[in-house]
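Presented below is the structure to which this report refers.
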Amino acid sequence: IKAKAASVILVHNHPSGDTEPSEDDLIITKRIVEAGKIMGIEVLDHIIITKDQTLSFKERKLIYTGTLTPFTSTHKSQPKILCSFAIGWV
C-alpha cells in the first residue's frame, strides 16, 4: 500500500514438504484477494514452496486473477522489489 502497488504475489513455505494448501491457506487467500479488490491491488498468485516443490494457486485454478480497475492516479511509479528473501534448508 505504501509503495502504491498495483499487484502482489503471495508466497509462503510449508516446511512439512507437502505443497497441498491447507484450509487456512485457502481462507486467508480468499480474504486477501477480496481486500485487494477493495483497494485496487490485484493478487496475481499465491505460491507455496517446499524444499523440492512449488504449488501455484493460479496454475491449480484456486485463485482468479481477473483484471482490476486501478485507482486513477497521475503518479507514475516505477516497479520496485518490495520484499526479497533467501530460503535454505539445513
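Both backbone and side-chain heavy atoms feed into the values below; hydrogens, waters and symmetry mates do not. Computed from a predicted model, the values in this text were never measured in an experiment.
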Response to the item:
Distance col, row Glu59:CD vs Thr54:OG1, nearest 0.5 angstrom, shows 7.0 Å

Worksheet item: In Å, rounded to the nearest 0.5 Å, how long is the span from CG of Asp52 to OG1 of Thr19?
Response: 10.5 Å

Discussion item. When you compare the side chain of Ile38 with that of Glu34, does any pair of heavy atoms fall below 4.5 Å?
Written reply: no

Worksheet item: Do Thr29 and Ile63 touch side chain to side chain, with heavy atoms closer than 4.5 Å?
Response: yes

Discussion item. With rounding to the nearest 0.5 angstrom, report the CD1 to CG distance, Ile49 to Leu55.
Written reply: 11.5 Å

Worksheet item: Taking a hydrophobic cluster as the set of Ile, Leu, Val, Met, Phe, Trp and Tyr residues connected by side-chain heavy atoms closer than 4.5 Å, whether directly or through intermediates, do Leu26 and Val43 fall within one such cluster?
Response: yes

Discussion item. Same cluster or not: Met39 versus Ile28, using hydrophobic residues (I, L, V, M, F, W, Y) connected whenever any side-chain heavy atoms lie under 4.5 Å apart?
Written reply: yes

Worksheet entry | Asp25 and His14, any side-chain heavy atoms less than 4.5 Å apart | yes

Worksheet item: Quick check: are there more than 12 heavy atoms from other residues, nucleotides or ligands sitting under 6.0 Å from CD of Gln53?
Response: yes

Worksheet item: Could you go step by step and tell me if Val33 and Lys37 meet the side-chain contact (heavy atoms from CB on, under 4.5 Å) rule?
Response: CA-CA 6 Å; Val33 167; Lys37 286 180 182 179; 3.9 Å; yes

Practice prompt. Evaluate the side-chain proximity of Arg60 to His46: yes if any heavy-atom separation is below 4.5 Å, no if none is.
Written response: no

Worksheet item: Is the closest side-chain heavy-atom distance between His12 and Ile48 below 4.5 Å?
Response: yes

Discussion item. Testing Pro15, Pro21, Ser16, Ser22 one by one against Asp18 for a side-chain contact (heavy atoms from CB on, under 4.5 Å), which residue passes?
Written reply: Ser16

Worksheet item: Looking only at atom types and distance, does a side-chain atom of Asp45 sit under 3.5 Å from a main-chain N or O of Ile47, one as donor and one as acceptor?
Response: no

